[in-house]
Trainee: 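Just passing along the structure, written as structure tokens.
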Amino acid sequence: MRKRHLFTPGPVDVPPEVLSALAEPLIHHRAPDFIPYFKAANEGLKYVFQTQNPVVTFAGSGTAAMEAAVANTLSPGDRAITVEGGKFGERWTELCKAYGVEPIVLKIEWGKAVTPEQIEEALTGNPDVKAVFLTLTETSTGVLTDVESICEIVAKTDAISVVDAVSALAAEKLLTDAWKVDIVVAGSQKALMLPPGLAFCSVSAKAQAAIARSKCPKYYLSLAKAIKKLEKDDTPYTPAVSLIRALVVAAKMIRDEGIENVWARHARLGRALREAAVAMNLSVFAQNPSNVVTAIRIPDGVDGEKIPKILRDKHGVTIAGGQEQLKGKVIRIATLGWANDLDVFAVIGALDLTLAEMGHKFERGAGLAAAARALSA
Ligand SMILES: *Cc1c(COP(=O)(O)O)cnc(C)c1O
């Protein structure tokens with residue numbers, strides 16, 4: 001089998017220590033054996049989320065936590081603000097509609113971030129809004145949103161703030177409590193360095209009050225039931241035992257490195273990728289780029305859909321292409337979780353070979369040199 005390199009915004013390369021934990025024999029989840037693991041996992045999550053709020057874990061992908069946030073805090077007929085500047089922002093609109101919640105949609109040009117002023121204006125114009133749904137790093141465009149300023153504004157109203165940090169958690173700075181974010185949702189298969197299968201939701205006191213009023217239907221994804229059980233480090237239904245044991249290991253790796261250092265490492269790698277892209281006669285798509293995933297604009301005349309295929313088939317490198325309106329127009333490279341300086345050289349080196357093969361005009365090796373300079377700055 002060829003050596004493979006994953007540069008996708010989930011799933012990501014999983015460190016060997018975490019893989020070993022996944023291979024441990026199963027233990028019963030209602031037995032005393034499991035409780036210390038779940039306790040450690042929950043403490044680890046609070047550290048990674050930077051919160052004292054309960055963090056609920058569901059067996060499901062990140063979208064399960066998004067769905068839980070909508071279904072548990074709102075009632076049919078409620079109104080909520082959503083931001084459509086990419087595919088994942090659109091998911092909030094779709095989820096609201098699925099539960100009979102009326103979305104007030106702020107349409108943002110792809111590549112740009114919604115501004116705190118735009119949110120403030122929408123809230124002033126719609127004082128009955130019950131929730132504001134945001135995306136910290138919009139994975140389809142590589143855009144970072146100023147969630148800190150926006151949640152400060154939302155905190156002054158009766159609405160709750162809900163932040164999709166599925167691709168951002170443990171990669172991009174996020175201070176759940178200090179920024180007054182009521183609900184943060186995340187998933188296991190991104191910077192948490194785990195396989196897919198766990199979804200997380202942190203829930204503030206304000207969000208818990210909203211949960212008490214909510215009339216949307218829910219059963220498996222009931223946050224009230226999960227929070228009650230969580231007080232005893234227990235779950236309403238069978239937890240994903242192996243994934244939770246692996247989470248304990250991954251969270252410890254993050255804690256040992258220090259969350260600020262983890263954010264700084266992602267910032268370094270993201271900057272190196274962006275500088276390499278520019279040096280290769282390409283450009284960065286996002287105006288306010290995140291460090292999680294770098295969307296690189298592909299010039300006309302170069303087939304952007306072919307680049308990921310050549311990278312995969314010739315070099316064993318998996319990156320993501322563009323979605324929807326960006327199909328063929330951008331490539332997306334993620335350096336998420338267990339990624340380091342050498343990974344940047346690997347992906348930029350493979351991109352150099354691929355772009356040369358495709359006839360793109362650029363100075364050979366310039367991307368690698370720019371990355372080297374950025375990484376030693
Ligand atoms: C990956 C991702 C999700 C969740 O997707 P799942 O496939 O359900 O895990 C949600 N939002 C963002 C921004 C993402 O990057």
Side-chain angles (χ1 to χ4, degrees), residues 6-14 45 48-49 56-71 82-96 98 103 108 110-114 132-147 150 161-174 176 181 183-202 220-221 240 243 246-247 250 266 270 285-286 288-295 318-324 326 330-337 339:
L6 276 180
F7 294 97
T8 45
V12 296
D13 280 327
V14 174
L45 285 171
V48 178
F49 277 70
V56 168
T57 299
F58 293 110
S61 79
T63 306
M66 295 176 75
E67 179 151 356
V70 173
T82 62
V83 179
E84 292 190 357
K87 218 173 132 48
F88 291 101
E90 287 171 7
R91 192 165 296 179
W92 283 129
T93 308
E94 290 165 9
L95 279 163
C96 284
I108 309 293
W110 282 35
K112 291 189 175 163
V114 68
V132 178
F133 292 97
L134 302 162
T135 313
L136 180 48
T137 54
E138 174 51 77
T139 314
S140 60
T141 60
V143 166
L144 172 71
T145 290
D146 181 2
V147 154
I150 294 174
S161 55
V162 182
V163 172
D164 170 354
V166 179
S167 60
L169 186 83
E172 199 77 59
K173 185 176 179 185
L174 168 62
T176 300
V181 192
I183 294 186
V184 171
V185 303
S188 53
Q189 79 277 26
K190 310 226 173 162
L192 275 176
M193 307 179 288
L194 293 163
L198 296 178
F200 311 103
C201 241
S202 74
Y220 183 74
L221 294 178
L243 286 170
L247 167 60
H266 284 84
F285 178 73
N288 187 26
S290 80
N291 298 312
V292 164
V293 58
T294 301
T318 309
I319 64 164
Q323 296 165 292
E324 293 181 17
L326 294 182
V330 302
I331 53 170
R332 293 175 301 138
I333 303 175
T335 36
L336 263 183

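Residues: numbered from 1 along the sequence shown. Counting convention: from 1, in listed order, for ligands and their atoms alike. This is a predicted model, so every value here is computed, not measured.
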Trainee: Which word best sums up how the rings of F58 and Y220 line up, parallel for under 30°, tilted for 30 to 60°, or perpendicular for over 60°?
Mentor: tilted
Trainee: Under a 4.0 Å heavy-atom limit, does E138 contact ligand 1 with its side chain, its backbone, both, or neither?
Mentor: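 Answer for E138: neither.
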Trainee: Does R332 reach the side chain of T139, with side-chain heavy atoms less than 4.5 Å apart?
Mentor: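 SC-SC contact between R332 and T139 confirmed.
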Trainee: Specify the protein heavy atom at minimum distance from atom 6 (P) of ligand 1: its residue, its atom name, and the distance to 0.1 Å.
Mentor: S61 OG, 3.4 Å
Trainee: Looking at CG of D146 and CG of N288, how far apart are the two atoms once the value is rounded to the nearest 0.5 Å?
Mentor: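 Rounded to the nearest 0.5 Å, the CG-CG separation comes out at 8.0 Å.
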Trainee: I'd like to know if the side chain of S167 pairs up with that of T137 as donor and acceptor (distance under 3.5 Å, no hydrogens or angles considered).
Mentor: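 Yes, T137 and S167 have a side-chain donor paired with an acceptor closer than 3.5 Å.
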Trainee: Does the side chain of M66 reach to within under 4.5 Å of the side chain of D164, using non-hydrogen atoms?
Mentor: yes
Trainee: Considering non-hydrogen atoms of the protein only, which is the closest contact for atom 13 (C) of ligand 1, and what is the distance?
Mentor: T139 OG1, 3.1 Å
Trainee: How far is atom 9 (O) of ligand 1 from the closest protein heavy atom, and which atom is that?
Mentor: Q189 NE2, 2.7 Å
Trainee: I'd like to check which ligand 1 atoms, numbered from 1 as shown, lie under 4.0 Å from a non-hydrogen atom of D164.
Mentor: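 Answer, ordered by atom number: 10 (C), 11 (N), 12 (C), 13 (C).
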Trainee: Can you confirm, on distance only, whether ligand 1 has an N/O atom lying under 3.5 Å from any N/O atom belonging to T135?
Mentor: no
Trainee: Show me which atoms of ligand 1 lie under 4.0 Å from any heavy atom of S167.
Mentor: 13 (C), 15 (O)
Trainee: May I ask you to check whether T63 has an N/O atom sitting below 3.5 Å from an N/O atom of ligand 1?
Mentor: yes
Trainee: Decide yes or no for V166 and F88: does some side-chain heavy atom of the first lie under 4.5 Å from some side-chain heavy atom of the second?
Mentor: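 Not touching, per the 4.5 Å side-chain cut-off.
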Trainee: So is T137 polar-close to ligand 1, meaning N/O to N/O under 3.5 Å?
Mentor: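 N/O-N/O distance below 3.5 Å does not exist for this pair.
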Trainee: Which heavy atom of the protein is the closest neighbour of atom 14 (C) of ligand 1, given with residue, atom name and distance?
Mentor: K190 NZ, 3.0 Å
Trainee: Looking only at heavy atoms, which two atoms of L247 and L194 are closest? And how far apart?
Mentor: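 Looking at all heavy atoms of both residues, the shortest contact is N-CD2, 3.7 Å.
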Trainee: State whether the shortest distance between N or O atoms of M66 and N or O atoms of ligand 1 falls below 3.5 angstrom.
Mentor: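 No.
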Trainee: Identify the heavy atoms of L336 and A191 that sit nearest to each other, and give their distance.
Mentor: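 Nearest pair, atom of L336 first, then A191: CD2-CB, 3.8 Å.
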